[in-house]
Amino acid sequence: MNAAITSFQRRALRALSIAYFVQATGALSVAGSLPAISAAWQLTDAQSARLLSIFGLTFALAAPLVQVMFGHLRRRQLVLTGIGLFGLGAFAFALSPAYGALVASRILMGVGAGFIGPVLVALGSELVHEQQRGRAIGMVLLGVSMASLAGIPLAAWVAGMWGAKALFALVGLVSLLSGLNVLLTVPDESVGSRIRLTEMAGVLSEGKYLTAFMVVFFITSGVYSFYSFIAPLIRDTYAGGTHAVSAALAVLGVAGVLGNLWVTRAATRFTSEKLLLTGMILLITDTVLIALLPKALGVLLAALVFWAFATDLLWPSQQRRIVELSSARHRGIALALTSAFMFGGIGFGSAVASWVYPVAGFYGLAGMSVAFIVLALVSLQLSEKLRKPVATAEPCQSEA
């Protein structure tokens, strides 16, 4: 019998979701605010996009190292430490005098996020009964979808109205408030386990884990090779301005939340593998249609509804699959490595996009995005084969 999620647990999960919302908004608002950042520090769009890459790659290194160095500490303590570092990095970004200081501040934000992201999911999954973990993970990750719905469009609007410096000062302030919310509502009972580098290497050397991590790496590379340049794409291909970018981000957010809400309920009826497969096929199909359909803003906004719905089928399903795949002992490091590969993919995809877009433009980004998702599909098939042991033939025995 399923144990229901209590009101106390819901409040705690909501606090974790809000913390994820703040982290995702601060991390990804660079994509929607590229013009404002470029104007504030007189950068090119490619230079501004690399600030997203720097954050992603820093997170990719920090998340597993946090588990090695501090994974034995209480998980709430790790989250609060990360929120403090993330907020400090956001304030440093707002006060940066030049590009070098911007890079340093994004590194600090990436280190802080390395304490937050993977620990939030592990902490949330430990708050509820095992049969409710898929639902709890979906509730925590709803913060990421809400960042797309409200946080990132609002960030783009704030940056357009008051500038990128005001935006990141606000991110720093809200980060500290979200930390206070976690302190007051989340119980300090979940203790992690000490992870050794050799143990991490052992997890990475297992084919079922490595191929599962490559699934999320290629998914995020495909998604963010397109998403990181959404503002320049709308400006250059669809002749849209700031309002068009905000509209596109809002459409992505609404559709993403609907996808997250749907997958939270579908988790009780469908396997994580089926949901991943469905999301990736829909994402490939929609990206191809975006490339082939007329370049009208209304057509793009309609196509982005399905694009965002597909992407938000993928994040909770991937996290759920890792939880199901990993043992209790390795769950913390597996989730940390998942987040590391996820943000590594964000950094890699946005970095490649910053090189491809000036040369190949819109169609180069669309083709690269599809290619990355196809690689994610291949990785999923390999992961499933390695996950299931090959059945050995046994001699037939007659029944007595």
Side-chain angles (χ1 to χ4, degrees), residues 12-30 52 54-93 105-127 136-137 139-147 151-152 168 171-186 188 190-192 195 216 220 315-316 319 322 331-344 346-347:
L13 290 170
R14 196 175 298 122
L16 298 179
S17 183
I18 291 171
Y20 226 152
F21 166 84
V22 175
Q23 183 209 306
T25 299
L28 304 179
S29 58
V30 169
L52 180 59
I54 289 163
F55 175 92
L57 295 174
T58 301
F59 183 104
L61 293 173
L65 289 178
V66 164
Q67 289 298 310
V68 171
M69 299 172 68
F70 308 109
H72 61 287
L73 300 177
R74 291 186 179 275
R75 288 186 169 125
R76 194 185 72 169
Q77 180 182 348
L78 294 179
V79 169
L80 293 174
T81 300
I83 288 173
L85 293 173
F86 189 84
L88 181 61
F91 285 125
F93 190 101
S105 69
R106 290 296 282 178
I107 290 173
L108 182 57
M109 292 179 75
V111 171
F115 280 82
I116 303 170
V119 182
L120 285 176
V121 175
L123 181 54
S125 69
E126 293 294 328
L127 289 175
I137 290 169
M139 290 175 68
V140 173
L141 292 177
L142 182 61
V144 179
S145 297
M146 290 302 295
I152 296 173
F168 280 89
V171 169
L173 176 61
V174 177
S175 294
L176 299 182
L177 292 176
S178 73
L180 179 61
N181 190 25
V182 170
L183 181 65
L184 295 176
T185 60
V186 178
D188 191 20
S190 179
V191 181
I195 301 295
V216 73
T220 50
W315 310 138
Q319 297 282 52
I322 292 297
R331 187 164 295 137
I333 189 62
L335 287 169
L337 287 169
T338 300
S339 293
F341 275 81
M342 173 180 167
F343 277 88
I346 290 173

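The shortest distance between side-chain heavy atoms of Trp315 and Thr220 falls below 4.5 Å. Using a 4.5 Å heavy-atom threshold, the side chains of Thr58 and Arg106 count as separate. Side-chain atoms of Met109 and Gln23, non-hydrogen and from C-beta on, never get closer than 4.5 Å to each other. Within the 4.5 Å cutoff, no side-chain heavy atoms of Met139 are placed close to those of Leu16.
Across all non-hydrogen atoms, the minimal contact from Ser178 to Ile18 is CB-CG2, 4.3 Å. Val182 and Ala19 make their closest contact through CG2-CB, 4.2 Å (heavy atoms, listed as atom of the first residue, atom of the second, distance). Nearest heavy atom pair, residue Phe91 against residue Gly172, reads CZ-C, 3.4 Å. Closest of all the heavy-atom pairs between Ser105 and Phe93 is OG-CD1, 3.2 Å. Here the closest heavy-atom approach between residue Leu127 and residue Ala12 is recorded as CD1-CB, 3.8 Å. Across Val186 and Arg76, no two heavy atoms sit closer than the pair O-NH1, 3.0 Å.
Within the 3.5 Å criterion, the main-chain N or O of Thr25 finds a donor-acceptor partner in the side chain of Ser29.
Phe21 pairs by the ring pair (Phe, Tyr, Trp, His ring centres under 6.0 Å) definition with nothing, not counting sequence neighbours. Applying the ring pair (Phe, Tyr, Trp, His ring centres under 6.0 Å) test to Tyr20 and every residue at least two apart in sequence or in another chain returns nothing.
Put simply, NE2 on His72 and CG on Leu78 are 9.0 Å apart, with the number rounded to the nearest 0.5 Å. Atom CG of Leu123 sits about 8.5 Å away from atom CG of Leu13, to the nearest 0.5 Å. Of the inter-residue distances, the one linking Leu85 atom CG with Ser175 atom OG reads 11.0 Å to the nearest 0.5 angstrom. We find the CD1-CZ distance between Ile116 and Phe86 to be 6.5 Å, quoted to the nearest 0.5 Å. Rounding to the nearest 0.5 angstrom, the gap separating the CG atom in Leu173 from the CG atom in Leu177 is 5.0 Å.
Screening Leu80, Ile83, Leu120, Thr81 for a side chain to side chain contact (heavy atoms under 4.5 Å, CB included) with Phe115, the sole residue that qualifies is Thr81.
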